[in-house]
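What you are looking at is a predicted structure, and each value in this text was computed from that prediction instead of being measured. In what follows, chains carry the letters A, B, and so on, assigned in the order in which the sequence lines appear, proteins first and then strands, with residues in each chain numbered from 1.
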Amino acid sequence: GVTQSPTHLIKTRGQQVTLRCSSQSGHNTVSWYQQALGQGPQFIFQYYREEENGRGNFPPRFSGLQFPNDSSELNVNALELDDSALYLCASGNLRGGQGAPANEKLFFGSGTQLSVL
Amino acid sequence: EDKVVQSPLSLVVHEGDTVTLNCSYEVTNFRSLLWYKQEKKAPTFLFMLTSSGIEKKSGRLSSILDKKELFSILNITATQTGDSAVYLCGMDSNYQLIWGAGTKLIIKP
């Protein structure tokens with residue numbers, strides 16, 4: 001399955017944070033989402049074979065890495081109070097040719113609950 | 001701008017009732033529509049729909065997509081308390097994965 005660490009994290013405004021995700025073996029994509037309380041997940045970005053291949057409406061202080069060993073990271077710099085949320089990662093496979101790629105079923109982790117004070 | 005809108009945002013029914021959850025979307029490059037169930041934190045997969053008019057079923061759950069009218073419905077028959085959850089509708093579109101706000105479903109015994 002997909003695992004995330006840590007499960008909970010408390011930071012102060014202005015700090016930097018790294019969240020980690022271990023994808024299901026054999027998957028070639030990982031996507032990251034921010035989910036505020038009572039809202040749906042907001043797409044941050046997706047990585048495909050270690051390169052960013054899609055990004056939502058998030059500022060550059062949100063960055064990521066995908067490694068060849070099924071692990072990935074979400075880094076957030078200069079934390080703001082509004083960054084407090086559940087951060088979910090999901091892994092899967094991208095199918096289809098260039099120009100028309102499509103995601104297969106996504107497998108989500110249980111998330112990291114980030115609180116910024 | 002691509003977007004997904006779910007309705008209702010919340011729904012309370014009694015055990016045994018049938019519910020219909022709605023999802024409408026606007027998208028530039030449709031790849032698929034996704035339904036997930038979120039009980040605590042990790043959303044779990046229900047359906048992926050790519051073709052219009054073909055109903056997908058899994059036990060008491062079913063879903064259908066209308067690509068002409070740009071909506072999908074998720075039906076749950078003979079609801080049980082274990083169906084209580086947030087149901088998320090999402091869209092795979094143009095290198096983005098966009099999700100609605102979810103429908104919070106509460107099943108009363």
Please check if the number of heavy atoms outside Arg61(A) that lie under 6.0 Å from its CZ is greater than 12. yes
Mind running side-chain contact (heavy atoms from CB on, under 4.5 Å) on Leu97(B) and Gln42(A) for me, showing each step along the way? CA-CA 8 Å; Leu97(B) 292 147; Gln42(A) 298 296 309; over 6 Å; no
Heavy atoms from other residues, nucleotides or ligands near CG of Leu81(A) exceed 12 (cutoff 6.0 Å): yes
Polar side-chain atom of Asp92(B) near backbone of Ala102(A) as donor-acceptor pair, under 3.5 Å: no
Neighbour count >12 (heavy atoms, 6.0 Å) for atom CG, Asn69(A): yes
Given heavy-atom pairs under 4.5 angstrom as the criterion, report whether the side chain, backbone, both or neither of Ser31(A) touches chain B. side chain
Go through the atoms of Leu88(B) and report whether side chain, backbone, both or neither lie under 4.5 Å from a heavy atom of chain A. side chain
Give, as side chain, backbone, both or neither, the part of Glu104(A) having an atom under 4.5 angstrom from any heavy atom of chain B. backbone
Mind ranking Gln46(A), Gln4(A), Lys105(A) by heavy-atom pairs under 4.5 Å with chain B and telling me who comes out on top? Lys105(A)
At a heavy-atom separation under 4.5 Å, does Gln6(B) approach chain A through its side chain, its backbone, both, or neither? neither
Within 6.0 Å of CD1 in Ile10(A), more than 12 heavy atoms from elsewhere: no
Under a 4.5 Å heavy-atom cutoff, which of Pro43(B), Ser32(B), Ala101(B) has the most pairs with chain A? Pro43(B)
Is it the side chain or the backbone of Gln39(A) that comes within 4.5 Å of chain B heavy atoms, both, or neither? backbone
Considering all heavy atoms of both residues, which atom of Pro41(A) and which atom of Gly100(B) are nearest to each other, and what is their separation? CD-O, 4.3 Å
Contact leader toward chain A among Met48(B), Lys40(B), Lys104(B), Gln96(B), where contacts are heavy-atom pairs under 4.5 Å: Gln96(B)
May I ask you to check whether Phe45(B) and Phe108(A) place their ring centers less than 6.0 Å from one another? no
Checking heavy atoms, do the side chain of Tyr33(A), its backbone, both or neither come under 4.5 Å from chain B? side chain
Without swapping roles, check the side chain of Tyr36(B) against the backbone of Leu106(A) for a donor-acceptor pair under 3.5 Å. yes
